[in-house]
S.K.: 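Structure provided below as structure tokens; questions to follow.
Worth knowing before you read on, the calculation uses all heavy atoms, side chains too, and leaves out hydrogens, waters and symmetry mates. Quick caveat, the model's predicted, so the values are computed rather than measured.
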Amino acid sequence: MAGLETTGSNPDVGLLYDINGLTATAPDWVDRVVTVAGEYGLILALVLLTVWTWWRVRRTDCREEAAGAVAAVVWAPLAAGIALLVNIPIRGFVGRPSPAEQHRGIEELVAVRGDFSFVSDHATLAMALAVGLFIAHRRAGLAGIALAVLLGFSRVYLGVHYPTDVIGGLALGTAVALLLSPLASALLTPLTKLIARSAKVGRLVWSPKGTRDEAGSVEQEQGRERQEDGVRQESGAVGVSRRRDRDLAA
């Protein structure tokens with residue numbers, strides 16, 4: 001299939017020039033920061049956000065709720081992987097060359113591996129991960145979506161993608177994460193519930209907020225019960241002794 005329109009009259013191309021043109025006036029350190037962020041930094045931030053979300057959703061007093069939330073967190077990276085696989089035939093079918101191959105004056109700040117431009121792998125992966133996190137934890141998901149959009153902007157700034165490449169990636173990641181979420185939940189939640197009941201690895205899924213306090217309360221309660229049993233036994237022994245004395249006196 002022929003690539004998407006790449007003529008200068010296309011607003012997509014005009015926006016590409018506007019964003020990538022910022023490199024002409026930006027300091028060198030800005031280019032270096034955007035390069036690191038656009039290639040690895042923002043993806044790493046999303047991975048760390050995923051780990052934090054997993055740690056956070058475990059901390060609840062309801063085991064069923066924790067199991068469902070952890071299942072959603074597990075689904076987030078799985079959705080990202082599936083979205084990337086779905087993107088492989090799309091890129092080959094559209095066959096859109098990278099911007100620098102089609103237009104003069106595009107400042108390409110990172111080397112392109114020679115693959116097609118539409119849809120952006122980075123944007124696809126980032127948004128699928130972010131939407132998966134949104135299902136598990138709203139605030140973490142919103143932060144992830146913001147990071148995904150920022151990553152998409154950086155890819156256009158670096159000159160390796162058209163804006164529509166990024167928009168397509170964001171849409172593809174969102175669609176995969178949302179449409180397959182019910183099936184993923186049905187498959188993953190029973191597994192996380194089973195793990196949550198395990199004495200050895202249950203903390204991977206469920207870590208009640210009041211675990212230590214509850215344990216201390218149980219120990220105190222058991223101590224009081226032992227004291228009460230001791231008092232009852234002592235009282236019983238005294239009573240038996242007094243009855244025995246009365247019988248001997250009679």
S.K.: Taking the ring of H137 and the ring of W54, is the distance between their centroids below 6.0 Å?
M.R.: no
S.K.: Provide the closest heavy-atom pair for A67 versus V205 in the form atom of the first, atom of the second, distance.
M.R.: CA-CG1, 3.7 Å
S.K.: Please lay out, stage by stage, how E39 and V110 fare under the test side chain to side chain contact (heavy atoms under 4.5 Å, CB included).
M.R.: CA-CA 8 Å; E39 284 287 276; V110 296; 3.9 Å; yes
S.K.: Do you know which two heavy atoms are closest between A136 and V73, and how far apart they sit?
M.R.: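 Looking at all heavy atoms of both residues, the closest pair is CB-CG2, 3.5 Å.
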S.K.: N20 side chain to E107 main-chain N or O, any donor-acceptor pair under 3.5 Å?
M.R.: yes
S.K.: Report the distance from atom CE of M127 to atom CG of L46, rounding to the nearest 0.5 Å.
M.R.: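 Going from CE on M127 over to CG on L46, the span is 9.5 Å.
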S.K.: Tell me whether L84 is reachable from L44 by hopping between hydrophobic residues (I, L, V, M, F, W, Y) whose side-chain heavy atoms are closer than 4.5 Å.
M.R.: no
S.K.: Could you please spell out the steps behind the side chain to side chain contact (heavy atoms under 4.5 Å, CB included) verdict for R58 and W206?
M.R.: CA-CA 5 Å; R58 296 160 57 247; W206 183 48; 6.0 Å; no
S.K.: Any link between V13 and I106 through a network of hydrophobic side chains (Ile, Leu, Val, Met, Phe, Trp, Tyr) touching at under 4.5 Å?
M.R.: yes
S.K.: Between L109 and F153, is there a shared hydrophobic cluster once you connect ILVMFWY residues whose side-chain heavy atoms come closer than 4.5 Å?
M.R.: yes
S.K.: Donor-acceptor pair, S185 side chain versus S181 backbone, under 3.5 Å?
M.R.: no
S.K.: Is any side-chain heavy atom of W29 less than 4.5 Å from a side-chain heavy atom of V33?
M.R.: yes
S.K.: Testing the basics here: between P163 and D12, what is the closest heavy-atom pair and its distance to 0.1 Å?
M.R.: CD-OD1, 3.0 Å
S.K.: Can any side-chain N or O of H161 pair as donor or acceptor with the backbone N or O of S117 at less than 3.5 Å?
M.R.: yes
S.K.: If I take atom OG1 from residue T124 and atom CG from residue D165, how far apart are they, to the nearest 0.5 angstrom?
M.R.: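 The OG1 atom of T124 sits 9.5 Å away from the CG atom of D165.
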S.K.: Quick check against the 3.5 Å criterion: does R91 have a side-chain atom that pairs as donor or acceptor with the backbone of N87?
M.R.: no
S.K.: Does V201 share a hydrophobic cluster with V57, counting links as ILVMFWY side-chain heavy atoms below 4.5 Å and allowing steps through other members?
M.R.: yes
S.K.: Test T23 against D31 for side chain to side chain contact (heavy atoms under 4.5 Å, CB included), laying out the working first.
M.R.: CA-CA 7 Å; T23 60; D31 291 347; 4.1 Å; yes
S.K.: With a 4.5 Å limit on heavy-atom distance, are the side chains of T35 and Y157 in contact?
M.R.: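 A side-chain contact is absent here, since even the closest heavy-atom pair is not under 4.5 Å.
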S.K.: Nearest 0.5 Å please: distance from the OG1 atom of T192 over to the CG atom of L204.
M.R.: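 That separation rounds to 11.5 Å.
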S.K.: Of the non-hydrogen atoms in A126 and I43, which two are nearest, and what is the gap between them?
M.R.: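 Between these two residues, the closest heavy atoms are CB-CD1, 4.4 Å.
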S.K.: Supply the atom-to-atom distance L42 CG to R155 CZ, rounded to the nearest 0.5 angstrom.
M.R.: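 If I round to the nearest 0.5 Å, the distance is 10.0 Å.
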S.K.: Side chains of H103 and Y162: any donor to acceptor distance under 3.5 Å?
M.R.: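 A pair is found: one side chain offers a donor N or O, the other an acceptor, under 3.5 Å apart.
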S.K.: Verify whether one side chain among R96 and T164 offers a donor that lies under 3.5 Å from an acceptor in the other.
M.R.: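 Short answer, yes.
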S.K.: Are I167 and L172 connected into the same hydrophobic cluster when the rule is that any two of I, L, V, M, F, W, Y join if their side-chain heavy atoms are below 4.5 Å apart?
M.R.: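 Unlinked, L172 and I167 end up in two clusters.
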S.K.: Applying side chain to side chain contact (heavy atoms under 4.5 Å, CB included), run through E108 and S98 and close with a yes or a no.
M.R.: CA-CA 10 Å; E108 197 174 66; S98 64; 4.1 Å; yes
S.K.: Given side chains that start at C-beta, do those of I145 and L133 come closer than 4.5 Å, heavy atoms only?
M.R.: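 They are not in contact (no side-chain heavy atoms under 4.5 Å apart), so the answer is no.
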S.K.: When rounded to the nearest 0.5 angstrom, what is the spacing between OG in S120 and CG in L125?
M.R.: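 Going from OG on S120 over to CG on L125, the span is 9.5 Å.
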S.K.: What's the spacing between L170 CG and L151 CG if we round to 0.5 Å?
M.R.: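 Atom-to-atom, L170:CG and L151:CG are 8.5 Å apart.
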S.K.: Under 3.5 Å, is there a donor-acceptor pair between the side chain of T189 and the main chain of A186?
M.R.: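 Checking the backbone N and O of A186 against the side chain of T189, no donor-acceptor pair under 3.5 Å is found.
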S.K.: Please name the pair of heavy atoms, one in A128 and one in A83, separated by the smallest distance, quoted to 0.1 Å.
M.R.: CB-CB, 4.1 Å
S.K.: Return the minimal non-hydrogen interatomic distance between L147 and A45, and the atom names on each side.
M.R.: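 Residues L147 and A45, closest heavy atoms: CD1-CB, 4.1 Å.
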S.K.: Between W75 (side chain only) and A177 (backbone N and O only), is there a donor and an acceptor less than 3.5 Å apart?
M.R.: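 Yes, W75 side chain to A177 backbone: donor-acceptor pair under 3.5 Å.
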